[in-house]
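Reading through the structure tokens given below for one structure.
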Amino acid sequence: MMLKTAMRWSGLALVAGVALISAAVALVSVPNLGLSSLPVDTALFAGALLLMLGLPGMYARQADAAGWLGLAGHILLTVGAVLLIVAGALRLVNPAIKGLGESATAFLLATALLLGLGLTAIATLRAAIYPRWTGILLLGASAGFLFSFYMSEYLPPPASPVGAMVFGAFLAAALIWIGISLWRDAGSPAL
């Protein structure tokens, strides 16, 4: 009973975390909104924390079927998600900081996020615990992340924001779908 409750709450944490992160990204994207960065950074930070609380349940439900690949993906995805926590917390701690910039830490965390997304996508497809589309969306999110963050300087100007939007939409859809799946069917086999 306790495991089922934990899985359900993990699903709710995933959905709420993605909703807050998406709200933060949407607020940043709206030009001339006149909104201070405090609500945006707070939403990003809180959403990233909720995401971190939901990821263990996401992994636990498919752990047996996902094997070592799923574990490696989960570890890298969790380490990479620290990038979102840091990005949200920086200006909450010191409003003078404008962003992560180009640092080795940001690069390593982004690389962990990219590899974690890719491995988790493959493990999710192979495990067949969550709906197949969640794995496909995670693969799409991996590709969008790769192009928008690592290859943006080599792409034409509109391609980077479009890639970021695709990455964000695919990732949000996949994690919300997984979160709802966890909430509805905690402890049951594939949907």
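Hydrogens, waters and symmetry mates play no part in the numbers below; they use all other heavy atoms, side chains included.
How far CG of Leu182 is from NZ of Lys4: 12.0 Å, rounded to the nearest 0.5 Å. Here the CD1 atom belonging to Ile176 is positioned 11.0 Å from the CG atom belonging to Leu137, to the nearest 0.5 angstrom. Distance check, rounded to the nearest 0.5 Å: CG of Leu92 to OG1 of Thr42 gives 4.5 Å. Between the OG1 atom in Thr120 and the OH atom in Tyr130 there is a gap of 10.5 Å [rounded to 0.5 Å]. Distance check, rounded to the nearest 0.5 Å: CG of Leu171 to OG of Ser22 gives 8.5 Å.
Under a 4.5 Å side-chain heavy-atom cut-off, the cluster of Ile, Leu, Val, Met, Phe, Trp and Tyr residues that includes Val93 has no other member. Under the 4.5 angstrom side-chain criterion for Ile, Leu, Val, Met, Phe, Trp and Tyr, Met2 has no cluster partners at all.
Here the closest heavy-atom approach between residue Ala46 and residue Leu20 is recorded as CB-CD1, 4.0 Å. The two residues Gly135 and Ala121 have their closest heavy-atom pair at O-CB, 3.6 Å. Of all heavy-atom pairs spanning Ala24 and Ala43, the tightest one is CB-CB, 4.0 Å. Nearest heavy-atom pair, Leu50 versus Ala16, reported as atom, atom and distance to 0.1 Å: CD1-CB, 3.9 Å.
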- Task: Apply the test side-chain contact (heavy atoms from CB on, under 4.5 Å) to residues Asp185 and Met7: give CA-CA distance (whole Å), side-chain angles for both, the deciding distance (0.1 Å), then the verdict.
- Result: CA-CA 9 Å; Asp185 303 312; Met7 298 289 257; over 6 Å; no
- Run the numbers on Phe45 and Ile85 for side-chain contact (heavy atoms from CB on, under 4.5 Å), then give the verdict. CA-CA 5 Å; Phe45 182 68; Ile85 292 175; 3.6 Å; yes
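The shortest side-chain heavy-atom distance between Thr134 and Leu175 does not fall under the 4.5 Å cut-off. For the pair Leu14/Leu55, a side-chain contact is recorded, criterion being any heavy-atom separation below 4.5 Å from C-beta on. Leu44 has its side chain within reach of Ile21: a pair of non-hydrogen atoms, C-beta onward, lies under 4.5 Å apart.
Applying the side chain to side chain contact (heavy atoms under 4.5 Å, CB included) test between Ile75 and each of Leu77, Thr78, Leu71 identifies Leu71 as the sole match.
Ring orientation note: the planes of Phe145 and Phe167 are tilted relative to one another, at an angle of 30° to 60°.
Other residues, nucleotides and ligands contribute more than 12 heavy atoms inside 6.0 Å of the CG atom of Asn94.
Under the 3.5 Å distance criterion, with hydrogens and angles disregarded, a donor-acceptor pair is assigned to the side chains of Ser181 and Arg61.
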